[in-house]
Amino acid sequence: MILTVTLNPSLDRAVAIESLVRGEVLRAAPAHLDPGGKGVNVSRALLANGVPSRAVIPCGGPEGEQLVRLLAAEGVPMIAVPIAGRTRSNITLAEPDGTITKINEPGPALSGAELKAVVEVVLSAAGSADWAVVCGSIPPSLPVEEFSELCSRLIEAGVQLAVDTSGPALVAAAAAGASLIKPNREELAQATGRAVNSTEDVVAAAQQLRALGAQAVLASLGADGAVLVDEDGVVTGTAPVAAPRSNVGAGDALLAGFLAGRAAKAEALAEGLAWAAAAVSLPGSRMPGPGDLRRGHVHIHHRPDLVRQLLTRD
């Protein structure tokens, strides 16, 4: 079982428009509402593909109640920790050429008592988990030191820890000794202070995070695929998508597929890329199921060209 922890979940409303023009009244197709947040998406992707998962989410207000209803409707096992603040709502504007514009609210602050309740629930639920996956932005009120302590306590509990976040929290997770961290290109550059313009740059930045304590780094690079760096070396892969519709949640699908792979690292990377490519081919933040996967489109490179220039952003 894979436990996911989303400290700042959301309602994700996706709206299709012909083109984004500032200052104009835009006509849109009917909106699609999904439960959101990186960890929530990981659980949704895992469950859609028959992999047991359980989600921990702090939630509050009418939006939090709606989030719980949406997850229940999808059959997502969850532990909802009530908070006084209002669960955030995000908006995605999708254009026909695949251009995505996201508007994300910051999310509610957690009180000390609320944070303690979340941590206690996570540690209790982690006892039956193979992996604990802590994903997404951290609440505005949460000090990085407390996030680091949560990571350390999960590791001390004997669970494998995967973390997908950004900024100082990503560095803290690496320093705590996370089994896996999954930054995208921008997050990797921000965390290491390095320019990331080629595969070689990605590997160097990943090794910098491994030197802090992270066991493995899975870097998602959008249309440029992904790079896995661990003690065994470097593996890269790509999965072209002929008709991209939305990259929202693609990184979450990548992480879910990688963890679901449960095989040698290259095979796990290939599975993750298949899930990510499938997510890109779907609208909004829908997560792919078995019928959406095209594993034959994935290309894995055991001897990667480390000077390949990166042309796209995650």
Side-chain angles (χ1 to χ4, degrees), residues 10 12-21 26-38 40-42 44-46 48-49 90-104 135-136 164 166 182-189 196-199 202 218-228 236-258 260-261 269-301 308-314:
S10 62
D12 282 359
R13 189 178 303 276
V15 181
I17 57 175
E18 284 300 316
S19 64
L20 179 61
V21 182
L26 306 178
R27 303 299 178 187
H32 187 80
L33 186 64
D34 287 308
K38 286 181 172 294
V40 166
N41 286 338
V42 170
R44 292 170 66 217
L46 290 167
N49 289 275
N90 298 333
I91 299 174
T92 297
L93 302 177
E95 299 176 65
D97 65 355
T99 299
I100 298 295
T101 303
K102 286 208 71 179
I103 304 170
N104 289 352
C135 294
D164 179 2
S166 60
K182 196 219 72 65
N184 63 25
R185 179 181 173 186
E186 181 180 351
E187 291 162 351
L188 192 59
V196 180
N197 298 315
S198 69
T199 309
V202 172
L218 175 61
S220 60
L221 306 173
D224 283 306
V227 176
L228 174 66
T236 69
T238 55
V241 179
R245 299 181 67 181
S246 173
N247 61 7
V248 178
D252 309 326
L254 171 70
L255 178 56
F258 181 85
L269 177 61
E271 188 71 359
L273 284 166
W275 291 32
V280 172
S281 70
L282 297 172
S285 56
R286 280 182 54 192
M287 291 292 105
D292 302 309
L293 304 182
R294 302 291 182 268
R295 295 182 176 89
H297 294 179
V298 177
H299 306 285
I300 296 296
H301 312 285
R308 179 172 63 89
Q309 296 298 302
L310 302 179
L311 302 179
T312 60
R313 293 194 174 274
D314 187 63

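Here, residue 1 is the first one in the sequence, and each next residue gets the next number.
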To the nearest 0.5 Å, tell me how far Leu218 CG sits from Asp164 CG. 9.0 Å

Trace of the side-chain contact (heavy atoms from CB on, under 4.5 Å) decision for Asn197 with Arg185: CA-CA 9 Å; Asn197 298 315; Arg185 179 181 173 186; 3.5 Å; yes

Closest contact, heavy atoms only, Val280 versus Pro244: CG1-CB, 3.6 Å

When rounded to the nearest 0.5 angstrom, what distance separates CD1 in Ile91 from CG in Leu33? 10.5 Å

Measuring from Thr236:OG1 to Leu228:CG, what's the distance to the nearest 0.5 Å? 10.0 Å

Interatomic distance, Arg294 atom CZ to Trp275 atom CH2 [nearest 0.5 angstrom]: 15.0 Å

For the residue pair Leu20 and Thr99, establish whether any side-chain heavy-atom pair is separated by less than 4.5 Å. no

When rounded to the nearest 0.5 angstrom, what distance separates CG in Leu273 from OG in Ser220? 10.0 Å

Any idea which heavy atoms bring Phe258 and Leu269 closest together, and the distance? CD1-N, 3.7 Å

Does the side chain of Arg44 reach to within under 4.5 Å of the side chain of Pro35, using non-hydrogen atoms? yes

The test is side-chain contact (heavy atoms from CB on, under 4.5 Å); show your working for Val42 and Cys135 and say whether it passes. CA-CA 9 Å; Val42 170; Cys135 294; 4.3 Å; yes

Any idea which heavy atoms bring Lys182 and Leu254 closest together, and the distance? CD-CD2, 4.3 Å

Is the CD atom of Glu95 crowded by more than 12 outside heavy atoms at less than 6.0 Å? yes

Looking at every non-hydrogen atom in both residues, tell me the closest pair between Arg245 and Ser281 and how far apart they are. CD-O, 3.0 Å

Any chance you could measure Leu93, atom CG, to Ser19, atom OG, to the nearest 0.5 Å? 11.0 Å

Is there a side-chain contact (heavy atoms from CB on, under 4.5 Å) between Asp12 and Thr92 once you walk through the steps? CA-CA 7 Å; Asp12 282 359; Thr92 297; 5.6 Å; no

If every non-hydrogen atom of Ala256 is compared with every non-hydrogen atom of Leu46, which pair is closest and at what distance? O-CD2, 3.4 Å

Show your working on side-chain contact (heavy atoms from CB on, under 4.5 Å) between Asn41 and Met287 and close with a plain yes or no. CA-CA 7 Å; Asn41 286 338; Met287 291 292 105; 4.0 Å; yes

May I ask you to decide if Ala31's main-chain N or O and Arg13's side chain share a donor-acceptor pair within less than 3.5 Å? no

Minimum heavy-atom distance between Ala278 and Asp292, given as atom pair plus value: CB-O, 3.5 Å

Give a yes or no answer on whether the side chain of Asn49 reaches the backbone of Pro288 with a donor-acceptor pair at less than 3.5 Å. yes

